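I have placed the structure first, in the form of structure tokens, so that the comments after it can refer back to it.
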Number of protein chains: 2
Amino acid sequence: MKPPKSSKNDVFLRYKLWLSAVSGEGIIGEGTHLLLREIEERGSLKAAAEFLGISYRKAWGDIKKSEELLGYDLTVKRRGGIGGGQSDLTTKAKNLLEAYDALHKKMDTAIEDAYAEFKEKTK
Amino acid sequence: MKPPKSSKNDVFLRYKLWLSAVSGEGIIGEGTHLLLREIEERGSLKAAAEFLGISYRKAWGDIKKSEELLGYDLTVKRRGGIGGGQSDLTTKAKNLLEAYDALHKKMDTAIEDAYAEFKEKTK
DNA sequence: GGTCGATATGATAATGGTTACATATCGACT
DNA sequence: AGTCGATATGTAACCATTATCATATCGACC
């Protein structure tokens, strides 16, 4: 998915992959995936949002929406105490992330192959 | 959390695939792809836009942007004459569409496989 | 040469998603 | 019991994309 070195009018492929509800609403995409990763890494939603350069408000809303659509919690939230509070991932969230990563890896490989073929056809 | 309104079995995968310029700007995605297909089918941009339910203004802008980013024309435009004018695809556009279709087919297969694995992991 | 309908394009309005602001709540720790 | 910082959530401001409106241009055909 990284843009290769290319000339001015050269093109490359990009894709987005996400989990969707039957309604069509997105449940988890690249953004939320990264966010969950950072929550796992940093132990709080606030720190994760800051690190990713998005507002806490949006980060919180994204997680909430995901959880509501999935029907189960992705994070364990705590308020108070040292540091003011923390968020950690649930086991389900960790499993989800792992599966999501594998998925992306497969898709990356697929698109790499497809891109080579595409370039051949359109050159 | 609110009461779950859906089970996690209700989720599925979606993806978007598009050609991008090095700048990151999208050149051709699903919308433009369909639009080109309909231009080919109907012989005019206006008819294609109407069929797809998008404004002529947007359709025209999308094609123009694609052509500018690619550095070559996707359509042959004619004004005047019987019917007022027509648009047809260039040979390059046709090749591009063909390659794009093959690409999508490959990705569809890849995502099908990946999804089966994903469901297994998250069930 | 006048007509007609599609191409061509600027300008403005509406829309949806993000950010910014503001404020309340919780609870382990001192 | 009071403090502190993160979670929680509503509302308003902002921005980028899309749609709507409006208008000009071209040129084969009659």
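Letters A, B, ... mirror the listed sequences (proteins, then strands); counts begin at 1. As the structure is a computational prediction, the values presented were derived from the model and not from experiment.
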Practice item. Assess whether side-chain contact (heavy atoms from CB on, under 4.5 Å) is satisfied between Arg42(A) and Ser44(A), documenting all intermediate values. Key: CA-CA 6 Å; Arg42(A) 288 157 211 288; Ser44(A) 92; 5.5 Å; no
**Study point:** Verdict with supporting geometry, Trp18(A) and Ile27(A), side-chain contact (heavy atoms from CB on, under 4.5 Å)
**Key:** CA-CA 7 Å; Trp18(A) 70 98; Ile27(A) 299 179; over 6 Å; no
**Study point:** Asp113(B): partners by salt bridge (charged side-chain N to carboxylate O under 4.0 Å, His left out), with sequence neighbours left out
**Key:**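 Asp113(B): no salt bridge (charged side-chain N to carboxylate O under 4.0 Å, His left out) contacts found.
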Practice item. Please list, chain by chain and in numerical order, all residues satisfying salt bridge (charged side-chain N to carboxylate O under 4.0 Å, His left out) with Lys64(B), sequence neighbours excluded. Key: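 Glu68(B).
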Practice item. For Thr90(B) and Asp73(B), indicate whether the former's side chain and the latter's backbone hold a donor-acceptor pair under 3.5 Å. Key: yes
Point to revise | Exercise: identify the closest heavy-atom pair between Ile54(B) and Ala59(B) | key: CD1-CB, 3.9 Å
Listed pairs, N/O of protein and of nucleotides 12-17 of chain D, under 3.5 Å:
none

Point to revise | Strand contacts (DNA chain C) in residues 49-62 of chain B, 4.0 angstrom heavy-atom criterion | key: Tyr56(B), Arg57(B), Trp60(B)
Exercise for review: Show your working on side-chain contact (heavy atoms from CB on, under 4.5 Å) between Phe118(B) and Leu96(A) and close with a plain yes or no.
Suggested key: CA-CA 9 Å; Phe118(B) 180 82; Leu96(A) 196 66; 3.8 Å; yes
Exercise for review: Check whether any side-chain heavy atom of Leu97(A) lies under 4.5 Å from a side-chain heavy atom of His33(A), and answer yes or no.
Suggested key: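 Leu97(A) vs His33(A): side chains touch.
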Point to revise | Candidate list Arg37(A), Lys106(A), Lys94(A), test salt bridge (charged side-chain N to carboxylate O under 4.0 Å, His left out), partner Asp101(A), passing option | key: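 Only one of Arg37(A), Lys106(A), Lys94(A) forms a salt bridge (charged side-chain N to carboxylate O under 4.0 Å, His left out) with Asp101(A), namely Arg37(A).
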Review point. Just the endpoints, please: which first and last nucleotides of DNA chain C, 5' to 3', lie under 4.0 Å from a heavy atom of chain A?
Key: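 The protein-touched segment is dT18(C) to dC29(C).
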Exercise for review: May I ask you to decide whether Glu67(A) forms a salt bridge with Lys77(A), counting only side-chain N to carboxylate O separations under 4.0 Å?
Suggested key: yes
Check your understanding: Does a salt bridge link Asp88(B) with Arg78(B), judged by any charged N lying under 4.0 Å from a carboxylate O?
Key -> yes
Check your understanding: Would one find more than 12 heavy atoms of other residues, nucleotides or ligands at under 6.0 Å from atom NZ of Lys105(A)?
Key -> no
Table of protein N/O atoms under 3.5 Å from nucleotides 27-30 of chain D N/O atoms:
| residue | atom | partner | partner atom | Å |
| --- | --- | --- | --- | --- |
| dG27(D) | O4' | Arg79(B) | O | 3.0 |
| dA28(D) | O4' | Gly81(B) | N | 3.2 |
| dA28(D) | N3 | Gly81(B) | N | 3.4 |

